[in-house]
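See structure below.
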Amino acid sequence: ASASSSATTTGVWNSNFKGVWHLKEDPSLAGANILDSTSNAKHGSTSGAMTSGQSVAGQIGNALNLTGDDYVTLGSLGAMSGGRTVSMWINGNSWARTGTYDNSLYAFNTAAPTGGNTDIVRISTIGEIGYYNGATLLLNDSPVPLNISEWHYITLVSSSTANASYIYQDGVYVATTSTWAPAVGATDVLYAGQETDGTIASDFFNGKQDEIRVVNVAQSSRWIRAQ
(Lines give C-alpha, C1' and ligand atoms only; values in the text may rest on other atoms or scores of the structure.)
Protein backbone atom coordinates (compact mmCIF):
# COMPACT_ATOMS: atom_id res chain seq x y z
CA ALA A 1 0.00 0.00 0.00
CA SER A 2 1.21 3.50 -0.80
CA ALA A 3 1.01 6.49 1.52
CA SER A 4 -1.13 9.40 0.35
CA SER A 5 0.78 12.58 -0.50
CA SER A 6 0.27 15.55 1.83
CA ALA A 7 0.80 17.77 -1.22
CA THR A 8 -2.69 16.92 -2.43
CA THR A 9 -4.55 16.80 0.89
CA THR A 10 -6.40 19.93 2.01
CA GLY A 11 -6.45 18.74 5.61
CA VAL A 12 -2.68 19.07 6.00
CA TRP A 13 -2.89 22.88 5.94
CA ASN A 14 -4.18 24.51 9.14
CA SER A 15 -6.49 27.53 9.24
CA ASN A 16 -3.57 30.00 9.16
CA PHE A 17 -2.82 29.04 5.56
CA LYS A 18 -4.61 31.42 3.20
CA GLY A 19 -3.49 29.51 0.13
CA VAL A 20 -1.05 26.88 -1.11
CA TRP A 21 -0.42 26.52 -4.84
CA HIS A 22 1.81 23.70 -6.09
CA LEU A 23 1.83 25.20 -9.63
CA LYS A 24 1.88 21.72 -11.13
CA GLU A 25 -1.19 22.12 -13.38
CA ASP A 26 -1.30 22.67 -17.14
CA PRO A 27 -1.13 26.49 -17.54
CA SER A 28 -2.74 26.39 -20.99
CA LEU A 29 -6.12 25.35 -19.60
CA ALA A 30 -8.86 27.98 -19.41
CA GLY A 31 -10.42 29.29 -16.23
CA ALA A 32 -9.22 28.66 -12.68
CA ASN A 33 -6.52 26.23 -13.70
CA ILE A 34 -4.02 26.72 -10.84
CA LEU A 35 -5.39 24.86 -7.85
CA ASP A 36 -5.22 25.91 -4.21
CA SER A 37 -4.51 22.88 -2.01
CA THR A 38 -6.14 24.36 1.10
CA SER A 39 -9.83 24.12 1.90
CA ASN A 40 -10.13 27.83 0.98
CA ALA A 41 -10.20 26.82 -2.70
CA LYS A 42 -8.57 30.06 -3.87
CA HIS A 43 -7.83 28.70 -7.30
CA GLY A 44 -5.77 30.88 -9.62
CA SER A 45 -5.65 31.53 -13.34
CA THR A 46 -2.80 32.10 -15.78
CA SER A 47 -2.35 35.00 -18.17
CA GLY A 48 -0.05 35.59 -21.12
CA ALA A 49 -1.12 32.79 -23.47
CA MET A 50 0.87 30.17 -21.57
CA THR A 51 1.35 26.77 -23.19
CA SER A 52 1.38 23.29 -21.68
CA GLY A 53 5.13 23.20 -22.34
CA GLN A 54 5.58 25.85 -19.64
CA SER A 55 4.73 23.28 -16.99
CA VAL A 56 8.28 22.12 -16.31
CA ALA A 57 10.24 20.14 -13.74
CA GLY A 58 10.23 22.10 -10.49
CA GLN A 59 11.77 21.82 -7.06
CA ILE A 60 8.75 19.78 -5.92
CA GLY A 61 6.93 18.12 -8.79
CA ASN A 62 6.19 20.49 -11.66
CA ALA A 63 6.55 24.27 -11.71
CA LEU A 64 5.51 27.14 -13.98
CA ASN A 65 8.07 28.69 -16.31
CA LEU A 66 7.00 32.33 -16.61
CA THR A 67 8.34 34.12 -19.69
CA GLY A 68 7.35 37.23 -21.60
CA ASP A 69 4.14 38.64 -20.11
CA ASP A 70 3.10 35.49 -18.23
CA TYR A 71 1.76 35.66 -14.69
CA VAL A 72 -0.73 34.05 -12.31
CA THR A 73 -3.70 35.74 -10.66
CA LEU A 74 -4.25 34.08 -7.28
CA GLY A 75 -7.14 36.33 -6.25
CA SER A 76 -8.31 37.88 -2.99
CA LEU A 77 -7.17 35.96 0.08
CA GLY A 78 -8.89 38.12 2.68
CA ALA A 79 -7.57 40.68 5.14
CA MET A 80 -4.15 40.13 6.73
CA SER A 81 -3.37 42.88 9.21
CA GLY A 82 -1.45 41.18 12.01
CA GLY A 83 1.30 39.69 9.88
CA ARG A 84 1.91 37.20 7.09
CA THR A 85 4.46 34.88 5.56
CA VAL A 86 4.79 34.41 1.81
CA SER A 87 7.12 31.72 0.49
CA MET A 88 8.01 30.27 -2.89
CA TRP A 89 10.72 28.47 -4.80
CA ILE A 90 12.21 30.47 -7.69
CA ASN A 91 14.67 29.69 -10.48
CA GLY A 92 15.50 32.65 -12.70
CA ASN A 93 15.96 32.54 -16.45
CA SER A 94 17.29 36.12 -16.32
CA TRP A 95 17.21 39.04 -13.86
CA ALA A 96 17.25 41.64 -16.65
CA ARG A 97 14.32 44.03 -16.35
CA THR A 98 11.22 43.23 -18.35
CA GLY A 99 9.73 46.68 -17.65
CA THR A 100 10.54 50.02 -16.01
CA TYR A 101 11.35 48.59 -12.60
CA ASP A 102 12.96 45.44 -11.26
CA ASN A 103 11.04 42.23 -11.89
CA SER A 104 8.28 41.21 -9.46
CA LEU A 105 8.12 37.94 -7.54
CA TYR A 106 4.64 38.81 -6.33
CA ALA A 107 2.38 41.76 -5.54
CA PHE A 108 -0.83 42.42 -3.63
CA ASN A 109 -2.91 44.88 -5.66
CA THR A 110 -5.01 47.21 -3.52
CA ALA A 111 -8.09 47.57 -5.70
CA ALA A 112 -7.63 45.65 -8.92
CA PRO A 113 -7.75 46.62 -11.67
CA THR A 114 -7.52 50.38 -10.98
CA GLY A 115 -5.52 50.66 -7.77
CA GLY A 116 -1.92 50.56 -6.69
CA ASN A 117 -0.08 47.87 -4.79
CA THR A 118 -0.02 47.18 -1.07
CA ASP A 119 3.04 44.97 -1.09
CA ILE A 120 5.51 44.22 -3.88
CA VAL A 121 8.61 42.04 -3.66
CA ARG A 122 11.09 42.41 -6.49
CA ILE A 123 14.42 40.98 -7.59
CA SER A 124 17.11 43.34 -8.83
CA THR A 125 19.17 42.96 -11.99
CA ILE A 126 21.97 41.40 -9.92
CA GLY A 127 19.67 38.97 -8.12
CA GLU A 128 18.95 40.77 -4.84
CA ILE A 129 15.50 40.31 -3.26
CA GLY A 130 13.81 43.42 -1.83
CA TYR A 131 10.53 45.07 -0.87
CA TYR A 132 9.13 48.03 -2.82
CA ASN A 133 6.96 50.58 -1.01
CA GLY A 134 5.67 52.57 -3.97
CA ALA A 135 8.31 55.26 -3.57
CA THR A 136 11.65 53.53 -2.94
CA LEU A 137 12.67 50.95 -5.50
CA LEU A 138 14.14 48.40 -3.10
CA LEU A 139 13.98 48.56 0.69
CA ASN A 140 16.99 46.94 2.35
CA ASP A 141 17.49 44.48 -0.45
CA SER A 142 19.25 41.25 0.35
CA PRO A 143 23.06 41.45 0.43
CA VAL A 144 23.22 37.92 -0.96
CA PRO A 145 22.57 37.93 -4.73
CA LEU A 146 20.98 34.86 -6.28
CA ASN A 147 22.33 33.24 -9.42
CA ILE A 148 20.10 32.42 -12.35
CA SER A 149 19.42 28.78 -13.27
CA GLU A 150 19.42 27.73 -9.60
CA TRP A 151 16.51 26.89 -7.31
CA HIS A 152 16.20 29.07 -4.21
CA TYR A 153 13.58 29.08 -1.45
CA ILE A 154 12.42 32.64 -0.72
CA THR A 155 10.43 33.56 2.38
CA LEU A 156 9.05 37.05 3.08
CA VAL A 157 7.72 37.77 6.58
CA SER A 158 5.80 40.92 7.57
CA SER A 159 5.07 41.64 11.24
CA SER A 160 2.74 44.43 12.33
CA THR A 161 3.89 43.92 15.93
CA ALA A 162 7.51 44.66 15.03
CA ASN A 163 6.50 47.05 12.22
CA ALA A 164 9.09 45.38 10.04
CA SER A 165 9.50 42.85 7.25
CA TYR A 166 12.15 40.18 6.89
CA ILE A 167 13.77 38.38 3.98
CA TYR A 168 14.96 34.76 4.15
CA GLN A 169 16.81 32.92 1.40
CA ASP A 170 17.07 29.13 1.53
CA GLY A 171 15.89 29.23 5.15
CA VAL A 172 18.54 31.75 6.22
CA TYR A 173 17.70 35.28 7.41
CA VAL A 174 19.41 37.88 5.20
CA ALA A 175 17.74 41.29 5.68
CA THR A 176 15.23 43.42 7.62
CA THR A 177 13.11 46.23 6.27
CA SER A 178 12.26 48.44 9.25
CA THR A 179 9.01 50.44 9.49
CA TRP A 180 7.49 48.50 6.60
CA ALA A 181 4.74 45.97 7.31
CA PRO A 182 1.73 46.90 5.16
CA ALA A 183 -1.60 45.26 5.93
CA VAL A 184 -3.35 43.39 3.14
CA GLY A 185 -6.97 44.41 2.63
CA ALA A 186 -9.95 42.08 2.30
CA THR A 187 -10.28 42.73 -1.44
CA ASP A 188 -6.59 42.98 -2.36
CA VAL A 189 -5.58 40.64 -5.17
CA LEU A 190 -2.40 38.56 -5.12
CA TYR A 191 -0.45 38.19 -8.36
CA ALA A 192 2.54 35.90 -8.88
CA GLY A 193 5.08 37.05 -11.42
CA GLN A 194 3.99 40.67 -11.96
CA GLU A 195 2.66 43.86 -10.36
CA THR A 196 -0.23 45.86 -11.77
CA ASP A 197 0.05 49.61 -12.38
CA GLY A 198 -3.56 50.77 -12.57
CA THR A 199 -4.91 48.40 -15.20
CA ILE A 200 -1.55 47.46 -16.74
CA ALA A 201 0.34 44.28 -15.81
CA SER A 202 4.06 45.06 -15.67
CA ASP A 203 7.56 44.19 -14.43
CA PHE A 204 7.18 40.48 -15.14
CA PHE A 205 9.24 37.79 -13.44
CA ASN A 206 11.35 35.81 -15.91
CA GLY A 207 11.85 32.32 -14.57
CA LYS A 208 10.29 29.39 -12.80
CA GLN A 209 8.09 29.56 -9.71
CA ASP A 210 7.02 26.64 -7.54
CA GLU A 211 5.14 25.99 -4.28
CA ILE A 212 3.67 29.39 -3.38
CA ARG A 213 2.33 29.49 0.19
CA VAL A 214 0.68 32.34 2.08
CA VAL A 215 0.20 32.15 5.85
CA ASN A 216 -1.76 34.67 7.92
CA VAL A 217 0.97 34.71 10.58
CA ALA A 218 4.44 36.22 10.81
CA GLN A 219 6.28 32.93 11.17
CA SER A 220 9.42 32.50 13.26
CA SER A 221 12.89 31.79 11.91
CA ARG A 222 12.68 28.31 13.47
CA TRP A 223 9.47 27.57 11.53
CA ILE A 224 11.08 28.82 8.31
CA ARG A 225 14.19 26.66 8.75
CA ALA A 226 11.97 23.62 9.23
CA GLN A 227 10.21 24.02 5.88
Side-chain angles (χ1 to χ4, degrees), residues 18-21 23 25 27-36 40 42-50 54 63-81 84-88 90 92-125 128-139 141 154 156 158 165 167 177 180-210 212-214 216:
K18 306 292 279 187
V20 174
W21 300 269
L23 306 183
E25 295 81 17
S28 70
L29 299 178
N33 55 346
I34 303 300
L35 302 183
D36 173 17
N40 299 320
K42 297 291 186 178
H43 306 313
S45 59
T46 56
S47 297
M50 295 186 70
Q54 288 175 267
L64 292 182
N65 187 20
L66 304 175
T67 62
D69 60 354
D70 302 329
Y71 64 94
V72 183
T73 302
L74 297 174
S76 299
L77 307 185
M80 287 180 275
S81 58
R84 66 184 170 280
T85 302
V86 180
S87 62
M88 64 176 66
I90 65 170
N93 299 324
S94 170
W95 303 142
R97 289 182 176 180
T98 59
T100 303
Y101 299 107
D102 290 338
N103 300 345
S104 305
L105 271 67
Y106 74 82
F108 284 94
N109 186 270
T110 54
T114 58
N117 290 284
T118 300
D119 177 19
I120 307 174
V121 170
R122 302 185 186 277
I123 188 161
S124 75
T125 56
E128 295 176 337
I129 302 291
Y131 287 90
Y132 176 73
N133 70 357
T136 304
L137 184 58
L138 284 174
L139 293 173
D141 49 346
I154 308 303
L156 297 310
S158 293
S165 294
I167 302 172
T177 299
W180 181 249
V184 170
T187 60
D188 289 0
V189 175
L190 174 60
Y191 296 100
Q194 68 97 8
E195 60 98 357
T196 298
D197 288 325
T199 60
I200 307 299
S202 62
D203 304 322
F204 301 97
F205 181 81
N206 183 2
K208 304 168 189 69
Q209 293 193 356
D210 198 4
I212 298 175
R213 302 179 184 184
V214 180
N216 191 25

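Keep in mind that this is a model prediction, so the values were computed, not measured.
Between the side chain of Q209 and the backbone N or O of L105, at least one donor-acceptor pair lies under 3.5 Å. Not a single donor-acceptor pair under 3.5 Å links the side chain of Q194 to the backbone N or O of D203. A donor-acceptor contact shorter than 3.5 Å is absent between the side chain of S202 and the backbone of G99. Although no hydrogens or angles enter the test, the distance criterion places a donor-acceptor pair under 3.5 Å between the side chain of D70 and the main chain of T67. Proximity of a side-chain donor or acceptor of Q54 to a complementary backbone N or O of L64 within less than 3.5 Å is not detected. Judged purely by atom type and a 3.5 angstrom limit, D210 has no side-chain atom pairing as donor or acceptor with the backbone of A63. Panel note: side chain K18, backbone L77; a donor-acceptor pair is recorded below 3.5 Å. S158 places no side-chain N or O within donor-acceptor distance of the main-chain N or O of S165, the cut-off being under 3.5 Å.
Side-chain contact check for L190 versus V214: some heavy-atom pair is nearer than 4.5 Å. Using a 4.5 Å cut-off on side-chain heavy atoms (C-beta onward), I123 and D102 make no contact. Here the side chains of S28 and M50 are not in contact, with every heavy-atom distance at 4.5 Å or above. Using a 4.5 Å heavy-atom cutoff, the side chains of K42 and L74 are not in contact. Within the 4.5 Å cutoff, side-chain heavy atoms of K208 are placed close to those of N93.
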### Message
Go through it in stages, so that I can follow the logic: the residues are S45 and I34, the test is side-chain contact (heavy atoms from CB on, under 4.5 Å), and I'd like the CA-CA distance, side-chain angles, deciding distance and then a yes or no.
### Response
CA-CA 6 Å; S45 59; I34 303 300; over 6 Å; no
### Task
In sequence, state the C-alpha distance, the side-chain angles, and the governing distance for L156 and I167, and then conclude on side-chain contact (heavy atoms from CB on, under 4.5 Å).
CA-CA 5 Å; L156 297 310; I167 302 172; 3.9 Å; yes
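Residues T118 and D188 have side chains that bring a donor and an acceptor to within less than 3.5 angstrom of each other. With hydrogens and angles left out, the side-chain atoms of T98 and N103 include a donor and acceptor closer than 3.5 Å.
Of all heavy-atom pairs spanning V184 and G78, the tightest one is CG1-O, 4.0 Å. Residues D36 and V20 come closest through the heavy atom pair OD1-N, 2.9 Å. Heavy-atom minimum distance, E25 versus N33: CB-O, 3.1 Å. Closest approach of I120 to A107, counting heavy atoms only: CG1-CB, 3.9 Å. The two residues E195 and S104 make their nearest non-hydrogen contact at CG-OG, 3.3 Å. Looking at every heavy atom in both residues, S76 comes nearest to A186 through CB-O, 3.9 Å.
Among F205, Y106, Y71, the single residue meeting the side chain to side chain contact (heavy atoms under 4.5 Å, CB included) criterion with Y191 is Y71.
Take N216 and apply the side-chain hydrogen bond (donor to acceptor under 3.5 Å, both in side chains) test, not counting sequence neighbours, and it matches no residue.
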